[in-house]
Amino acid sequence: MAMKYKFLAGLLREELAKNGNRGGSKLPTEAELTRRYHMSRQTVRHALQLLADEGLVQSRQGSGTYTTGRIQESASRQIAVVTSFLDDYIFPTVLHDAQSLFAQEGYSTLVYATENQVGTERDILQRLLEQPVGGILVEGSKTALPSPNADLYRRLQEAEIPLLFLHGAYGELAGVPCVCDDNYGGGYLLARHLIERGHTHLAGIFKSDDVQGPQRYHGCISAIRDAGLPISDRCFRWYDTEDRLEMMEKRRFDLLRRFLAERLEPATAVICYNDEIAFLLIQELLSMGKRVPEDVAVVSFDNSYYSQICPVPITSLRHREKMGRVAAEEMIRILGGVQRQSRALEWELLERSSS
């Protein structure tokens with residue numbers, strides 16, 4: 001609910017703008033909003049309270065909730081945060097850190113989720129062109145692939161709406177600044193960590209459709225090359241957003257089982273794209289009777305809660321700085337007229353039982 005009510009508040013703000021910003025207009029009741037958006041009464045109530053705190057609506061005892069007419073006044077003080085997912089993995093923390101700093105600086109946030117789908121991303125960008133905001137912090141969808149939405153990003157640039165990418169930027173929009181991970185450096189660090197512990201054959205599983213995946217893979221195989229060790233192509237497996245949904249939502253793990261049964265040997269260690277996939281991989285290894293790390297060591301990125309709740313706690317990389325806060329700081333500087341360049345955040349290794 002913590003993220004859903006902010007998402008709903010963003011939808012309601014759009015409705016206020018579409019309806020012409022007339023003060024004194026009555027909003028649908030909580031029950032009507034619950035049915036319309038398929039969200040709980042509590043989520044609706046929290047969303048309305050957020051709009052009230054921003055001065056966009058007001059509640060009248062026994063009468064309902066009404067618009068104040070202030071939506072246009074606040075547009076230049078609004079930041080649209082477009083993220084891939086709202087309610088799982090690392091995204092809530094990144095979003096919370098960014099929103100906290102924006103609020104301190106007097107900015108409100110409109111939150112959108114693409115589910116890493118380029119079609120949904122296109123719909124959101126078109127809305128933001130129709131209803132401009134002060135700036136857009138955006139985590140692109142399938143950033144490793146050519147983007148069909150580059151035209152809309154260019155139109156936003158032409159409209160002089162500040163843009164800042166988070167986690168990864170599109171190749172067609174290299175001029176837009178990005179706050180991202182040092183993905184190459186992270187892959188290199190994890191591979192070197194395993195090599196220093198005596199592993200001479202490494203495997204990996206990486207995400208193919210987000211740019212972080214190829215970058216992390218590049219760091220990994222570069223470290224293997226520099227150590228003079230063999231690179232076995234068959235020991236590296238790729239998955240995409242739809243594969244992730246199969247695993248996380250439908251609990252279908254055929255991809256991981258085939259990787260372990262058919263493509264792991266002769267590797268004795270696996271570098272994973274993130275803690276989420278490492279968590280699932282370790283569970284599959286244990287179900288096969290494999291010991292971690294005695295038979296197979298596993299390392300990954302993000303230092304998320306998965307790395308700590310896993311049956312074998314995961315050796316993982318964490319940022320020295322908070323990604324969400326750094327991104328918000330960069331956006332505020334851009335809004336202040338300061339020309340910014342892309343920035344990659346460094347990792348540090350947290351060694352746990354899995355390696």
Side-chain angles (χ1 to χ4, degrees), residues 1-22 25-60 62-68 71 74-75 78-96 98-99 108-131 133 136-142 149 152 166 240-252 276 305 324:
M1 190 271 289
M3 293 300 121
K4 288 182 179 178
Y5 82 85
K6 293 176 182 177
F7 180 55
L8 176 57
L11 296 177
L12 294 176
R13 287 191 201 94
E14 293 175 23
E15 290 299 317
L16 294 181
K18 288 178 183 177
N19 291 334
N21 188 33
R22 295 187 299 274
S25 298
K26 187 175 181 179
L27 270 66
T29 65
E30 289 183 3
E32 290 169 334
L33 292 172
T34 296
R35 289 192 297 271
R36 179 184 301 178
Y37 293 103
H38 305 288
M39 294 187 181
S40 70
R41 192 76 168 257
Q42 186 180 12
T43 298
V44 170
R45 190 169 295 130
H46 275 74
L48 292 175
Q49 184 59 53
L50 182 58
L51 297 183
D53 292 343
E54 295 171 4
L56 305 181
V57 301
Q58 60 181 1
S59 178
R60 299 178 187 174
S63 178
T65 303
Y66 294 81
T67 61
T68 63
I71 189 74
S74 63
Q78 290 178 338
I79 306 297
V81 180
V82 183
T83 186
S84 53
F85 300 96
L86 284 174
D87 55 1
D88 65 351
Y89 200 47
I90 62 172
F91 304 104
T93 300
V94 172
L95 182 58
H96 175 268
Q99 286 183 309
S108 61
T109 51
L110 304 174
V111 182
Y112 302 88
T114 66
E115 301 293 323
N116 212 31
Q117 301 294 315
V118 294
T120 305
E121 179 189 57
R122 188 166 189 85
D123 292 341
I124 292 169
L125 295 177
Q126 287 173 330
R127 292 182 204 170
L128 293 173
L129 278 165
E130 296 167 1
Q131 302 158 27
V133 292
I136 303 174
L137 174 62
V138 56
E139 181 183 37
S141 299
K142 296 184 171 67
N149 300 327
L152 299 184
L166 180 66
D240 61 19
T241 296
E242 282 63 43
D243 293 325
R244 175 188 178 270
L245 293 176
E246 288 282 317
M247 290 184 281
M248 298 306 298
E249 296 185 2
K250 299 181 181 179
R251 315 306 294 172
R252 295 176 181 169
E276 184 179 73
Y305 60 90

Shortest non-hydrogen contact between [X] and [Y], atoms and distance:
X: Ala47; Y: Ala9; answer: CB-N, 3.9 Å
X: Glu30; Y: Arg41; answer: OE1-NE, 3.0 Å
X: Asn149; Y: Val118; answer: ND2-O, 3.0 Å
X: Leu137; Y: Ala98; answer: CD2-CB, 4.4 Å
X: Gln78; Y: Val133; answer: O-CB, 3.6 Å
X: Leu27; Y: Tyr66; answer: CD1-C, 4.2 Å

Query raised in the report: Would Val94 and Leu166 satisfy side-chain contact (heavy atoms from CB on, under 4.5 Å), going step by step from the backbone distance to the final call?
Result: CA-CA 10 Å; Val94 172; Leu166 180 66; 3.9 Å; yes
What's the separation between atom [atom1] in [X] and atom [atom2] in [Y], rounded to the nearest 0.5 Å?
X: Asp53; Y: Ser108; atom1: CG; atom2: OG; answer: 11.5 Å
X: Leu128; Y: Leu152; atom1: CG; atom2: CG; answer: 10.0 Å
X: Lys26; Y: Thr67; atom1: NZ; atom2: OG1; answer: 12.5 Å
X: Glu276; Y: Met247; atom1: CD; atom2: CE; answer: 8.0 Å
X: Glu139; Y: Phe91; atom1: CD; atom2: CZ; answer: 4.5 Å
X: Tyr5; Y: Met39; atom1: OH; atom2: CE; answer: 13.0 Å

Query raised in the report: Should Leu33 and Leu8 be marked as a side-chain contact (heavy atoms from CB on, under 4.5 Å) after you check the CA-CA gap, both sets of side-chain angles, and the distance that decides it?
Result: CA-CA 10 Å; Leu33 292 172; Leu8 176 57; 5.7 Å; no
Query raised in the report: Going by distance alone, is a donor N or O of one side chain under 3.5 Å from an acceptor N or O of the other, for Thr109 and Gln99?
Result: yes
**Report entry** Distance-only polar pair, side chains of Glu242 and Gln117, donor-acceptor under 3.5 Å
**Finding:**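 Per modelled atom types, Glu242 and Gln117 side chains form a pair under 3.5 Å.
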Report task. Using atom types as modelled and distance alone, determine if a side-chain donor or acceptor of Lys250 lies under 3.5 Å from a backbone N or O of Leu245. Result ->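 Such a contact is absent between Lys250 side chain and Leu245 backbone.
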Query raised in the report: Can you check whether Leu56's main-chain N or O pairs, donor with acceptor, with Thr68's side chain at less than 3.5 Å?
Result: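 Yes, because the side chain of Thr68 sits within donor-acceptor range (under 3.5 Å) of the backbone of Leu56.
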Requested in this report: Output all residues satisfying side chain to side chain donor-acceptor pair (under 3.5 Å) with Thr34, sequence neighbours left out; order by chain, then residue number.
Outcome: none
Report task. Check whether NZ of the Lys or CZ of the Arg Arg244 lies under 6.0 Å from the centre of the six-membered ring of Phe85 and within 45 degrees of that ring's axis. Result ->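 Yes, a cation-pi geometry.
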Requested in this report: Pick out which of Thr241, Thr114, Thr120 makes a side chain to side chain donor-acceptor pair (under 3.5 Å) with Ser141.
Outcome: Thr114
